[in-house]
Amino acid sequence: MVYLEKSVLIRVLLLCMLVSLTPLIGPVKHASAATTVYVAPQENNDYLINPGKGWIVYSNFANANSAVWEKASVAYSRFNWKDIHVGDNTFNWTPIDNLYNAAVAKGKTFAFGVMPVQVNSSTSYTSMPQWVIDAGAQFYYASGAPNTKVPVWNDPVFIGKMGQFVTALKDRYNGDPNIEFIDARTFGNWGEWHLGGLGGTDPGNTVKRQYIDQWSGFDQTHIIVPISGGTGMNSGGYGYYARDTYGFGAREDSSDYSPRWQQVLPFYNIGPAVAEWSFPYEKLKLGQGWTGEIWYDGMIPGQINGSKYSYQPLGEWNGTDANTFLAEKGNLVDEWQNKMGYWFKMTEAAYPDDLGNGTAGSITFKMRNDGVAPIYMKGNTAVVKLALLDSSNQVLATETLSGVNPFDWKPGQTVTNVAYFSFPYDANATKLALGVFSKASRTEPDIKLGIDNGTANHWYVMSDMPIAASPTPTPTPTPTPTPTPVVPANGQVLWLKADSITGLNSGDNVSAFADSSGNANHAVQNTSAKQPKYYANVVNGKAAVRFDGTDDYMSMGSPASLNLQNDATIVTVAKSQGTAVRGIYGRGEALRISSSDTAARLWVRNTSHTVQTVSGTVYSGTWNALGGTYSHSDGKLNFYKNGSLAGTGYLGGQIRNISPDDQPNTIGAYMAWHTGDQKYIDSFFQGDIAEVIIYNRVLTANERQDVFAYLSAKYGL
């Protein structure tokens, strides 16, 4: 008999155990053995009903036929205030809930507005609630219907009771997934923010801003502000206030009327735009609308392209109009359902073939937006997830892709997305799929893509997509020294660099920030309490100036060299710590770059007082080089983040001229109009600013790349 040493015997036993367990755990492929799979998704033009966009059925839902409901995304109606708010803190929700339930029963979301009063004619009208009058609210009789009682719009009792109602709406409907949006119809005839048919006195911007503030609690549901014919879109107006303060969307009445095709364009990249025709389709065909225009098919592409609408009415107001419109213009319905709002198509993808093996991998995919607008999810909640599937497309595991934000997929752009992921080992995993979600909390994707290989639950199975040829490797070129990027001097009118500040220690106040452009446009702050602070070694070993978000700012005054009127390029390096979008640089109401810890924005106002903004996404706690250009010759605004194009808008005309000392150039805040037609510095930035460079021209592509390359290398972006 042969005797084994004890240690040898133990080794043999362990080896036998491992061999016996191998069938249970299966083979594990190491990451180094993985190969990259390249796929080419096939596009299609299938009719997609997606959240946050689409055709709307208006009122009288029972009259709309099944074909209309099949094409619609949203059901919409309006209600009279007096029918809902029936007493002090007493509400009858039945009229709203009945139509809400009717919409949900059809598989649609619901949207609505509540009107304070309405006058259609001298015999068709609805007054404000009588109990509000009994509570002491002042009123007057409408000019177009003598028996209609209309609130005195600046009366504190009316304002208070309306605020009570809006709060009750918020408590009941905010965040309800079946509510698409709610109109803020606080003021005017039909709640359209005008006094046509009512007469009376406009309460002014101070009161109208109070109305807007009452809707501020809706943090999970889109609020849409009517701006009929540009109402409220003036300096200090409620429209701009609603957009810039709360990110509300806008509704344009008579959107079919060609002079109004671009009316809500200033809300692009901020909130969704909702169209409303002047009259039903059947009357427009006869030229019986107030505009006198006779229907022509170009009205649909004209208004959708002009104002970047996310929503369009599928006929109007009596239900049967939708039936007629669909029957006669079904080609327009089919063509523009996908094009309004967003329309995402994945064009390429590359991923490792070792699925579900417990190792880390990365995916690269390109997404193109063939729609006219970004995706607007309240709170910017849209995400992308990967899923491991078995052979029958059952989901085994999912993972949210960090740093991939569908709001970044702007119209007309193809965006390359790169993300890392890791799934636990699963022997049944055979496929990898991608899904787009309106909210991370959803268990299944609800945003459909314009490509093949989608499952019934809207996962797109990349493993089933046509294989694309892998990129042909190119010979490695002989390395040549990379030239140091040169910051162009031509046209430079301001160059503030925090690392050029001398004589200060970390934590010291900054009273003067020298201009390195040679134009002596130095930033100063003589009031000690409003001075930001200097800190060394903040970003990549470089200094920054820190603003407190309360009252810190610095001014360059209004020198002629900074009164840019034709073209401009602005580039800033900053990190925001605040939740509200506030000013990094501003020239009053004319030209601004601002940021919060999640969003950044370029703002330009022209001499006609029309404003255009372009926005992009930033991530909390990150430094970014944010830049913008404006060309008056083609009216184009481009917004850049870290050298990449983040968004484009169109304005036209010269930049508004700011008279000397009227609205100075500032960093850390900007001057804005306020209630009572007053203007003063606010929108104070909370965070750090390291550099600001401004030119009086649009830099060439190569020059712009040089500037961003310089900033990227300097600050480690």
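Note: hydrogens, waters and symmetry copies are ignored here, and every other heavy atom, side chains too, is used.
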Sequence neighbours excluded, which residues qualify as ring-ring contact (aromatic ring centres under 6.0 Å, His included) partners of Y309? none
Are F344 and Y342 an aromatic pair, judged by ring center distance below 6.0 Å? yes
Under the side-chain contact (heavy atoms from CB on, under 4.5 Å) rule, collect the residues that match up with A523, sequence neighbours excluded. L496, F513, M554, M556, I667
Pairing residues for K366 by the side-chain contact (heavy atoms from CB on, under 4.5 Å) criterion, not counting sequence neighbours: T347, E348, T414, T416
Residues two or more places apart in sequence or in another chain: which of them pass ring-ring contact (aromatic ring centres under 6.0 Å, His included) with W343? none
Looking just at side-chain N and O atoms, do Y534 and N505 make a donor-acceptor pair shorter than 3.5 Å? no
Residues at least two apart in sequence or cross-chain that pass side chain to side chain donor-acceptor pair (under 3.5 Å) with Y695, listed by chain then number, are Q492
Applying salt bridge (Lys or Arg N to Asp or Glu O under 4.0 Å), which residue pairs with at least one partner in residues 539-564 are found, sequence neighbours left out? R546-D688
By side-chain contact (heavy atoms from CB on, under 4.5 Å), P374 pairs with (sequence neighbours left out) Y268, N269, Y376, F407, K410, P411
Under the side chain to side chain donor-acceptor pair (under 3.5 Å) test, which residues partner T221, sequence neighbours left out? none
If the condition is side chain to side chain donor-acceptor pair (under 3.5 Å), which residues does Q531 pass it with, not counting sequence neighbours? N509
Once side-chain contact (heavy atoms from CB on, under 4.5 Å) is applied, do any residues pair with S362, and if so which ones, sequence neighbours excluded? Y420
Do W409 and N417 meet the criterion of a side-chain donor-acceptor pair at a distance under 3.5 Å? yes
Can you list the residues that meet the side chain to side chain donor-acceptor pair (under 3.5 Å) rule with N50, with sequence neighbours excluded? none
Donor + acceptor pair across side chains of Y246, D213 (<3.5 Å): yes
So which pairs with a foot in residues 694-705 pass salt bridge (Lys or Arg N to Asp or Glu O under 4.0 Å), sequence neighbours left out? R697-E703
